[in-house]
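Order of listing sets the numbers, starting from 1, for every ligand and every atom in it. This structure is a prediction, so every number in the text was calculated from the model and none was measured.
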Amino acid sequence: MDVDVVVVGAGPTGLMLVGELGQAGMRTLLLERRPEPSEMAKAGGLAGQILQLLHYRGELDRFREASIGPEPVPRFPFGGLHLDFTQLEDSPMRAMLVPQPRLEGLLAERAIERGVEVRRGHEVVGLRQDDDAVTVGVCGPDGAYEVTAHFLVGCDGGHSRVRDLAGIPFPGTSFPEIERLASVTVPDSVTVLDDGGLDVRGVGKIPFGYTATERGVFACSGMGGTMGVYTAEVEATEYDDDVPMTVAELSGSVSRVLGIDLPLGEPLRMARFGYSARQADTYRGGRVFLAGDAAHLFPAGGVAVNAGMLDAANLAWKLAGSVQGWAPPGLLDTYSDERRTAAERTLLHTRAQVALRQGYGPGGDALRALFLELTADEQPLRRLGALMAGTDVGSAVSAAQPLVGTCATDRALHVDHEDPRFAGLLRNGRPVLLDLADHAGLRDLGSDWGGRVEVASATIDERPADALLILPDARIAWAATVDEPRQTALPALREALTTWFGAPST
Ligand SMILES: Cc1cc2nc3c(=O)[nH]c(=O)nc-3n(C[C@H](O)[C@H](O)[C@H](O)COP(=O)(O)OP(=O)(O)OC[C@H]3O[C@@H](n4cnc5c(N)ncnc54)[C@H](O)[C@@H]3O)c2cc1C
């Protein structure tokens, strides 16, 4: 076997995955067809549960230092509206502005620190697999070659070659809507108002945020010396993704949608794209897996990077367990099941955003106004925030075990430890059995899975449970309820440890 895992594609998903695999000690090879990192302005940053997970890995400061905007981000787009999560003290939806090229650079840095080999200019062109290995056909700068590995993961984007080679269908819908997004300098004839709106000489004031018209949606936001401009309109034109959008093209779209000539300065960032709602029928074909855009496409912005990087966190430790030989049967299949369920939740709210965004005329205006009224209340906003962040997946597995399936929240712990918060426990990306009630029997049982599961003990104010079994992606796999008798807690823990981590090592 040349390596343990080959990952295809150095976007945010592939880079997160190789970082996690490197941390788990896997011999990991990342193959990327582009000779140089992409400078394309795509995602504006990180949002949702991935921020919490990077915090748990002790990595968040690396990204925070590169952030170009305020934190928390004041307003988050949702279906042609802006939602304000800053009103929630402990908002489930958070965001950090780190433009995608910078984000990918930092993730690559993290992966290389963990011993991952990154080959750029190497395109995957074929694969075959049998019971023992997968063999990947690669076309590199010095010609064609093959690599064998235990597993291959296609993180190679929406047009995934790996998905096609594995024969995995990708059903769904592509919308005939064209989105245009730009950041330009502010020309002399435009004044940026305090609330982010624009005052245009000879035209008048244009409010901050979205304006829906009979022809589509326009949005603007002014900040400092730049203005952000967005349009969405239904168009039959087929655009070549390799031909970049020009200022003239954007200007034409603004005048069609808004009916005005908006003066635009020098372009700083320009992007044209379309939306699709698609999901692979399965994320696994034998030794081949899909993650990120290769597995799912969502018809709204701001959520795809989160979903892809969370796919990576869910998959990495399961692949490591399989390579190391302790993974129980069926563990690898939980990846496809769990992350397809998560993507269904993301498709739910992003498809709803299409309806909100495309509701033109008085009915559409009323729908958006009503939606804004509802989300002014704390509970609906909180619920929507958890949905957008990807934290509501798997919650409420049972009323008796309300914590199981939820993501562990960061809390202060009373512990003789250098990092007295929960966050410090998941730094190594390994599962943790956390004893919160000085329960030696549970700790002893956990130590039978030594080398796979870390055992820690602490006390905590307002104890949510006597003990928690936490997976590397921060989901709670098992909990002992407060004052649960050992007669039920011990067998339940044994079952959970066996389900997730196989037979005990001792
Ligand atoms: C204009 C725009 C704005 C966006 N804004 C946001 C946003 O604000 N928030 C958000 O979350 N998302 C946003 N997105 C979506 C986000 O950019 C993608 O979801 C994200 O890049 C997907 O990451 P990925 O790693 O799964 O795939 P990709 O980033 O597509 O990476 C796939 C990689 O695989 C490589 N590759 C492909 N085929 C092969 C092959 N055969 N061999 C080797 N390498 C191969 C490609 O070169 C590429 O580098 C935006 C997208 C666009 C276009």
Does any N or O in the side chain of Arg163 come within less than 3.5 Å of the main-chain N or O of Ala294, such that one atom is a donor and the other an acceptor?
-> yes
Kindly confirm or rule out a cation-pi arrangement of Arg339 over Phe289, judged by NZ or CZ under 6.0 Å from the six-membered ring centre and within 45° of its axis?
-> no
Mark yes when over 12 heavy atoms from residues, nucleotides or ligands other than Gln87 sit less than 6.0 Å from its CD; otherwise mark no.
-> yes
Are Asp4 and Arg27 close enough for a salt bridge, meaning some N to O gap below 4.0 Å?
-> yes
Residue shell for ligand 1, any heavy atom closer than 4.0 Å, reads Val8, Gly9, Ala10, Gly11, Pro12, Thr13, Leu31, Glu32, Arg33, Arg34, Ala41, Lys42, Ala43, Gly44, Gln100, His122, Glu123, Val124, Cys155, Asp156, Gly157, Arg161, Ala271, Phe273, Gly292, Asp293, Gly302, Val303, Ala304, Val305
Identify the heavy atoms of Pro299 and Phe175 that sit nearest to each other, and give their distance.
-> CB-CE1, 3.5 Å
Indicate yes or no: at least one non-hydrogen side-chain atom of Tyr210 is less than 4.5 angstrom from one of Arg357.
-> no
